[in-house]
Amino acid sequence: MAKKPGTNPKGEFAFFDVVYEDGSQRSNRRVPAELLGGLDKDEPARAFIMEQDRDIAEKSGRPPLAIKSVTRTGAKKR
């Protein structure tokens, strides 16, 4: 059964754009918001995404790609 509109809690996830060493990019990677903030700010997102990539690579039988950069989706570049 479909959920009613507005029942999905806002702020549950933060979204990140990931650029890999080979130049490929993945957008809107979801990271639980509870991992972020504090003194580390968005740094825990990199570790979480690396773990996701390892799981995906293991299931697909391909080696994981090296991450070049991780930025929050919609963040302004400095």
Side-chain angles (χ1 to χ4, degrees):
M1 180 182 273
K3 291 193 267 175
K4 291 182 180 180
T7 58
N8 188 17
K10 301 294 182 210
E12 189 174 334
F13 293 99
F15 296 90
F16 288 85
D17 295 330
V18 182
V19 178
Y20 294 94
E21 293 289 337
D22 68 352
S24 63
Q25 179 179 345
R26 305 290 184 276
S27 298
N28 296 327
R29 296 286 300 268
R30 293 188 332 168
V31 175
E34 62 198 26
L35 296 178
L36 308 174
L39 296 176
D40 293 334
K41 298 189 181 186
D42 289 345
E43 192 56 35
R46 179 183 286 268
F48 184 81
I49 291 170
M50 287 173 62
E51 184 62 33
Q52 282 181 335
D53 285 351
R54 273 190 233 113
D55 292 343
I56 293 167
E58 183 179 308
K59 291 175 184 176
S60 69
R62 296 181 181 165
L65 297 172
I67 295 175
K68 184 175 181 180
S69 67
V70 176
T71 56
R72 203 176 273 250
T73 299
K76 295 179 182 177
K77 294 188 179 186
R78 297 178 187 188

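- In this structure, OH in Tyr20 is found 6.0 Å from CZ in Arg26, a value given to the nearest 0.5 Å.
- Checked against Met50 for a side chain to side chain contact (heavy atoms under 4.5 Å, CB included), the options Ile67, Leu65, Asp55 give a single hit: Ile67.
- With rounding to the nearest 0.5 angstrom, the CG atom of Asp53 is 11.0 Å from the CZ atom of Arg46.
- Taking CG of Asp42 as the start and CG of Leu36 as the end, the distance is 5.5 Å to the nearest 0.5 Å.
- Using a 4.5 Å heavy-atom cutoff, the side chains of Arg30 and Phe15 are in contact.
- Ala57 and Pro63 make their closest contact through CB-C, 3.9 Å (heavy atoms, listed as atom of the first residue, atom of the second, distance).
- Phe13 and Leu35 fall into different hydrophobic clusters, where Ile, Leu, Val, Met, Phe, Trp and Tyr residues are linked whenever their side-chain heavy atoms come under 4.5 Å apart, directly or through other members.
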